[in-house]
Amino acid sequence: MKIKSVQVHAIRIPLFRPFIVAYATYYEMPSIIVRVETDNGLVGFGESVPDQHVTGETWESTYALLVHNLIPAIIGENPFDIERIHDLLNQCVYQAPAAKAAIDIACYDLMGKAAGQPVYQLLGGKYHPILSLPYVLSILAPETMAEEAKQAVASGFDSVKIKVGADLSTDVQRIRAVRKAVGPTVKLRVDANQGWVNRTNSLLALGQVEDCQIDWMEQPVLADDLEALADIRRQTTIPIMVDEGLLGPSEMREVIAKKAADKVNIKLMKCGGIYPASKLVHQAEMAGMECQIGSMPESSVGSAAGAHLSIAKKNIISNELAGPFIFSKDVGNLTCQGNQIILSDKPGLGIEVDEAVLAELTVMSEKIH
């Protein structure tokens, strides 16, 4: 089985409402879908959702890199030769993990289809019986977030993740308001997306919410300040999770060496796909750190890839693959019942891509042979 051709679709996915985090507000999500065809007629799909604030990649640069550099390098390769494919991609360009993730995910979709197995069976089988999602709250007024969290819990969610990082004093109000609204038993996670900037701000805020029973605090400081993250971890009782500060194995080694985090947030778009993400999970497990699989967020294609990895690995204890559930239109059909992702047992990623919707959302497209 050899890769014969790849169709690249640069798309913009509409949202039900704006998605607001510390460093940006998204009114639609720019994404790139790749459709990879093999010489024996199989078709696999992959996705790249670059974020210039996290990996330094833009939607436009990722499209150009895929079309002109990365895809030409893997035409004629066997999707099962995933170690070789990643080496070829790494020889083409340094970093650019979101671009590489699109090819990696498509290869796993093809491997699963060729083997007649869902992707999770290629990753160790199904360890977790179910995949539960947290309800993710964008940055809004404290009372608005509290009311939305209360409604989410009433609808069946047992964990809530809130975005903060816009203003320190208001962030404290946000956290306290949401905890009061949902009661003491609902799991509460807080993500500043680097918005608290430094250790002084972070320790000031955390000191005011230590009684709020927070499961973990995610990335309070700037991504490249692992020293500050380690210092914060030593001075708070709230578990610390690293996100933007962790891309690949070199950052993971530094996180471990500095004892900078209790938990790690691994995203396929930050590390280059399923194959390198699996390596990070094993690194974290050796260091005694639990993992979360996050998202940028992605459509059903990228989210399904993250879900297969999440359900297969014991050390992945949470995920935030909420992308398909915040989009008003999606190219795939990853489904959810209540707060649970329902993974198909069909071969590959197990989703159907609606090529009519894909064509409708496409802004740029090119086929590479």
Side-chain angles (χ1 to χ4, degrees), residues 19-26 51-57 95 97 136-142 145 160-179 188-267 269-271 280 284 287 289-292 294-296 318 320:
F19 182 61
I20 307 168
V21 299
Y23 56 73
T25 297
Y26 297 94
D51 189 328
Q52 62 264 42
H53 306 283
V54 180
T55 69
E57 300 164 276
Q95 298 289 11
V136 181
L137 286 163
S138 290
I139 298 174
L140 296 166
M145 293 175 75
V160 175
K161 176 174 180 173
I162 67 173
K163 296 288 189 178
V164 297
D167 172 78
L168 208 64
S169 61
T170 311
D171 284 341
V172 170
Q173 294 174 36
R174 290 182 173 103
I175 295 166
R176 300 196 73 84
V178 169
R179 171 50 81 196
L188 180 61
R189 294 93 185 251
V190 182
D191 185 4
N193 289 114
Q194 309 176 71
W196 290 347
V197 183
N198 58 48
R199 77 189 74 194
T200 303
N201 291 338
S202 300
L203 288 169
L204 179 63
L206 290 174
Q208 297 177 65
V209 295
E210 279 196 312
D211 62 335
C212 289
Q213 298 165 279
I214 297 170
D215 280 15
W216 57 76
M217 178 71 219
E218 191 172 334
Q219 198 65 51
V221 297
L222 296 178
D224 59 1
D225 199 351
L226 290 178
E227 293 282 359
L229 201 64
D231 197 30
I232 291 163
R233 180 181 176 237
R234 286 190 290 267
Q235 296 188 56
T236 181
T237 60
I238 299 170
I240 297 297
M241 177 179 281
V242 61
D243 178 6
E244 289 93 342
L246 170 68
L247 297 177
S250 60
E251 291 88 5
M252 181 68 89
R253 286 196 301 270
E254 194 174 354
V255 168
I256 293 168
K258 287 183 162 63
K259 299 182 179 179
D262 299 284
K263 302 173 188 290
V264 297
N265 190 358
I266 297 169
K267 294 177 179 173
M269 300 301 143
K270 290 191 304 177
C271 69
L280 293 180
M289 296 187 297
E290 292 177 323
C291 302
Q292 172 175 278
S295 64
M296 285 307 193
S318 67
E320 49 172 31

### From CA spacing to verdict: side chain to side chain contact (heavy atoms under 4.5 Å, CB included), I232, M217
CA-CA 10 Å; I232 291 163; M217 178 71 219; over 6 Å; no
### Evaluation steps, salt bridge (charged side-chain N to carboxylate O under 4.0 Å, His left out), between D51 and K270
CA-CA 9 Å; D51 189 328; K270 290 191 304 177; over 6 Å; no
### Task
Could you go through the side chain to side chain contact (heavy atoms under 4.5 Å, CB included) check for H53 and Q194 one step at a time?
CA-CA 10 Å; H53 306 283; Q194 309 176 71; 5.8 Å; no
### Message
Assess the residue pair R179 and I214 against the criterion (side chain to side chain contact (heavy atoms under 4.5 Å, CB included)); give the C-alpha distance rounded to whole Å, side-chain angles, the decisive distance to 0.1 Å, and a yes or no.
### Response
CA-CA 9 Å; R179 171 50 81 196; I214 297 170; over 6 Å; no
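Only one option out of I238, I175, V190 pairs with C212 in a side-chain contact (heavy atoms from CB on, under 4.5 Å); it is I175.
Checking side-chain atoms of E244 against main-chain N and O of A223 turns up no donor-acceptor pair under 3.5 Å. Side chain of D262 to main chain of I240: a donor-acceptor pair is present (N/O by atom type, distance under 3.5 Å, no hydrogens or angles). A donor-acceptor pair is defined here as one N or O able to donate and one able to accept, closer than 3.5 Å; no such pair exists between the side chain of E210 and the backbone of L206. Put simply, the side chain of Q219 gets close to the backbone of G245: a donor and an acceptor are under 3.5 Å apart. Between the S295 side chain and the E320 main chain, a donor and an acceptor come within less than 3.5 Å of each other. Under the 3.5 Å distance criterion, the side-chain polar atoms of N193 are left unmatched by any main-chain donor or acceptor of G195.
Evaluation of the side-chain hydrogen bond (donor to acceptor under 3.5 Å, both in side chains) rule for D215 yields R189 as partners, not counting sequence neighbours. Applying the side-chain hydrogen bond (donor to acceptor under 3.5 Å, both in side chains) test to E290 and every residue at least two apart in sequence or in another chain returns K263.
With rounding to the nearest 0.5 Å, the separation of CD in Q208 from CG in D171 is 10.5 Å. Going from atom CG of L246 over to atom CG of N265 covers 8.0 Å, rounded to the nearest 0.5 Å. Atom OH of Y23 sits about 9.0 Å away from atom CD of Q52, to the nearest 0.5 Å. Rounded to the nearest 0.5 angstrom, M289 CE and M241 CE are separated by 10.5 Å. Rounded to the nearest 0.5 angstrom, W196 CH2 and L222 CG are separated by 13.5 Å. The distance from the CZ atom of R199 to the CG atom of L229 is 10.0 Å, given to the nearest 0.5 Å.
The number of heavy-atom neighbours closer than 6.0 Å to CD of E227, taken from other residues, nucleotides and ligands shown, is 12 or below.
Residues M269 and V54 have side chains not in contact (no heavy-atom distance under 4.5 Å, counting atoms from C-beta outward). Annotation: side chain of V242 is in contact with side chain of L226 (closest heavy-atom distance under 4.5 Å). By the 4.5 Å heavy-atom criterion applied to side chains, P249 and R253 are counted as neighbours. Residues T55 and L247 are in side-chain contact: their nearest non-hydrogen atoms beyond the backbone lie under 4.5 Å apart.
A salt bridge does not link R174 to D167: none of the charged side-chain nitrogens sits closer than 4.0 Å to a carboxylate oxygen.
Heavy-atom minimum distance, P142 versus A177: O-CB, 3.9 Å. The minimum heavy-atom distance linking A22 with A192 is given by the pair CB-O, 3.3 Å. Across every non-hydrogen atom of R234 and K258, the tightest pair is NH1-O, 4.5 Å.
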